Amino acid sequence: MTSTVPVPETASQALGAVRAGQSPTTGGAALQAVLLDMDGTLVDTEGFWWDVEVEVFASLGHTLDDSWRHVVVGGPMTRSAGFLIEATGADIDLAELTVLLNDGFEDRLDGGLPLMPGAERLLAELAEHRIPTALVSASHRRIIDRVLTRLGPQHFALSVAGDEVPRTKPHPDPYLAAASGLGVDPLRCAVVEDTATGVAAAEAAGCQVVAVPSVAPIAPAVRRTVVPSLEVVDLTFLRGLMTEML
């Protein structure tokens, strides 16, 4: 059964250690855990969110500029919804808009939830080899719990939702919380993300990142590997990323 975890009280200390190049644990560079984003990484839902945003704002009398999609993708609800309110001048507050967007997204889930290519195979492989795995998303808990029924909650030791942490992505808190909940070193975690916002959060936490861009391109960097699809990501690949750190 998947569980939720709070941000550890020592999150700031853990982040300080990461930035100082220190490890809170010892013992080589072995992969200790895999932390997975949800929307656009495991499930093909980034388009769902944009379609809902377009429909909700149309009902308010506003047309969204397609270029804004790159601004709101991967972000927490407070940031994306806040941006759209400001950009359109819509007469609605953040709390009311958040409810409308979450309701619209859940309605879309009723029509089916497609997985990203390679997602089902990767989750099965991680489970088979008993690799500690967490779902880390900027989406709210109500959305994560719906999606978990499709992904299989048995594949995750825990999950972290965007409305359960004081600061969500692009801050490191969600990934530090996941690593702490699993009892692992964030520097020994591989994170799979699809947006620049999620990549920034994972890198700030000190994790090794695999970027699978969904909407906007992401450039390779130190401790960041960019791949075209989850279909090329397997346990051997993830373990190899840790070996490259030596």
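This is a predicted model, so every value here is computed, not measured.
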>> Determine whether Asp51 and Arg69 satisfy the following criterion, salt bridge (charged side-chain N to carboxylate O under 4.0 Å, His left out), listing intermediate values before the conclusion.
In response: CA-CA 10 Å; Asp51 290 345; Arg69 183 175 182 179; over 6 Å; no
> Is Thr98 reaching over with its side chain to a backbone N or O of Leu94, donor-acceptor style, under 3.5 angstrom?
Replying inline: yes
> Going by the angle between their ring planes, with limits at 30° and 60°, are Trp49 and Phe105 parallel, tilted or perpendicular?
Replying inline: parallel
> Does the side chain to side chain contact (heavy atoms under 4.5 Å, CB included) test come out yes or no for Val215 and Trp50, once each step is laid out?
Replying inline: CA-CA 11 Å; Val215 175; Trp50 180 246; over 6 Å; no
> Got a second to check how far Leu36's CG is from Leu122's CG, nearest 0.5 Å?
Replying inline: 6.0 Å
> If you take all heavy atoms of Asp234 and Phe237, which pair is closest and at what distance?
Replying inline: OD1-N, 2.8 Å
> With sequence neighbours left out, what residues match Arg150 under salt bridge (charged side-chain N to carboxylate O under 4.0 Å, His left out)?
Replying inline: none
>> Let me confirm one number: the CG-CZ distance from Leu241 to Arg188, rounded to the nearest 0.5 Å.
In response: 13.0 Å
> Picking from Thr195, Asp37, Asp194, what satisfies side chain to side chain donor-acceptor pair (under 3.5 Å) with Ser214?
Replying inline: Asp194
>> Between Arg121 and Glu231, does any NZ, NE, NH1 or NH2 come within less than 4.0 Å of an OD or OE carboxylate oxygen?
In response: no
> More than 12 foreign heavy atoms under 6.0 Å from CG of Asp65: is that the case here?
Replying inline: yes
> How about Tyr175 and Glu193: do any of their side-chain heavy atoms sit closer than 4.5 Å?
Replying inline: yes
> With Val212, which of Val226, Thr41, Val192 fulfils side-chain contact (heavy atoms from CB on, under 4.5 Å)?
Replying inline: Val192
> Between Leu115 and Leu42, does a side chain to side chain contact (heavy atoms under 4.5 Å, CB included) hold up when you go through it step by step?
Replying inline: CA-CA 6 Å; Leu115 300 187; Leu42 293 177; 5.9 Å; no
> Out of curiosity, Leu97 CG to Thr78 OG1, how far, rounded to the nearest 0.5 Å?
Replying inline: 11.5 Å
>> The test is side chain to side chain contact (heavy atoms under 4.5 Å, CB included); show your working for Leu60 and Asp91 and say whether it passes.
In response: CA-CA 8 Å; Leu60 298 172; Asp91 184 19; over 6 Å; no
> Is a side-chain donor or acceptor of Asp163 paired with a backbone partner of Arg141 at a separation under 3.5 angstrom?
Replying inline: yes
> Which heavy atom of Leu84 sits nearest a heavy atom of Thr88, and at what distance?
Replying inline: O-OG1, 2.7 Å
> How about Thr149 and Val147: do any of their side-chain heavy atoms sit closer than 4.5 Å?
Replying inline: no
> What are the two closest non-hydrogen atoms of Phe156 and Ala134, and how far apart are they?
Replying inline: CD2-C, 3.8 Å
>> When you compare the side chains of Thr197 and Arg79, does any donor N or O come within less than 3.5 Å of an acceptor on the partner?
In response: yes
> Once you round to the nearest 0.5 Å, how far does CE of Met242 lie from CG of Leu187?
Replying inline: 8.5 Å
> Between Leu230 and Pro117, what is the shortest heavy-atom contact and its length?
Replying inline: CB-O, 3.2 Å
>> Can you tell whether the side chains of Asp173 and Arg167 come within less than 4.0 Å, N to carboxylate O?
In response: yes
> Going by heavy atoms in the side chains, are Thr225 and Val227 under 4.5 Å from each other?
Replying inline: yes
>> Tell me if a side-chain donor or acceptor on Glu55 pairs with a main-chain N or O of Val52 at a distance below 3.5 Å.
In response: no
> Considering only heavy atoms from C-beta outward, does the side chain of Ser80 approach that of Glu53 to under 4.5 Å?
Replying inline: yes
> Run the side chain to side chain contact (heavy atoms under 4.5 Å, CB included) check on Arg146 and Asp110 step by step: do they pass?
Replying inline: CA-CA 10 Å; Arg146 283 288 303 276; Asp110 292 337; 2.9 Å; yes
> Any chance CD of Glu120 has more than 12 other-residue heavy atoms, nucleotides or ligands included, within less than 6.0 Å?
Replying inline: no
> Given Arg224, which of Val210, Val191, Val199 fulfils the side-chain contact (heavy atoms from CB on, under 4.5 Å) condition?
Replying inline: Val199
>> Are the side chains of Ile144 and Leu135 in contact, using a 4.5 Å heavy-atom criterion?
In response: yes
>> Between Arg223 and Glu203 (salt bridge meaning N to carboxylate O under 4.0 Å), is one present in this structure?
In response: no
> Taking C-beta and beyond as the side chain, do Asn102 and Leu100 meet within less than 4.5 Å on heavy atoms?
Replying inline: no
> Can you name the nearest heavy-atom pair linking Lys169 to Pro174, along with the distance?
Replying inline: N-CG, 3.9 Å
>> Quick check for you: to the nearest 0.5 Å, what is the distance between His129 atom NE2 and Arg239 atom CZ?
In response: 7.0 Å
> Do Cys189 and Val184 have side-chain heavy atoms sitting under 4.5 Å apart?
Replying inline: yes
>> As an exercise, state the distance from CG of Asp44 to CG of Leu113, rounded to the nearest 0.5 Å.
In response: 9.0 Å
>> Taking the side chain as everything from C-beta on, heavy atoms only, tell me whether Met38 gets closer than 4.5 Å to Ile143.
In response: yes
>> Check this for me, if you would: do Asp103 and Arg142 make a salt bridge, where the nitrogen-to-carboxylate-oxygen distance has to be below 4.0 angstrom?
In response: yes
>> If you compare all heavy atoms of Ala157 against all heavy atoms of Leu182, which two are closest, and at what distance to 0.1 Å?
In response: CB-CD2, 3.6 Å
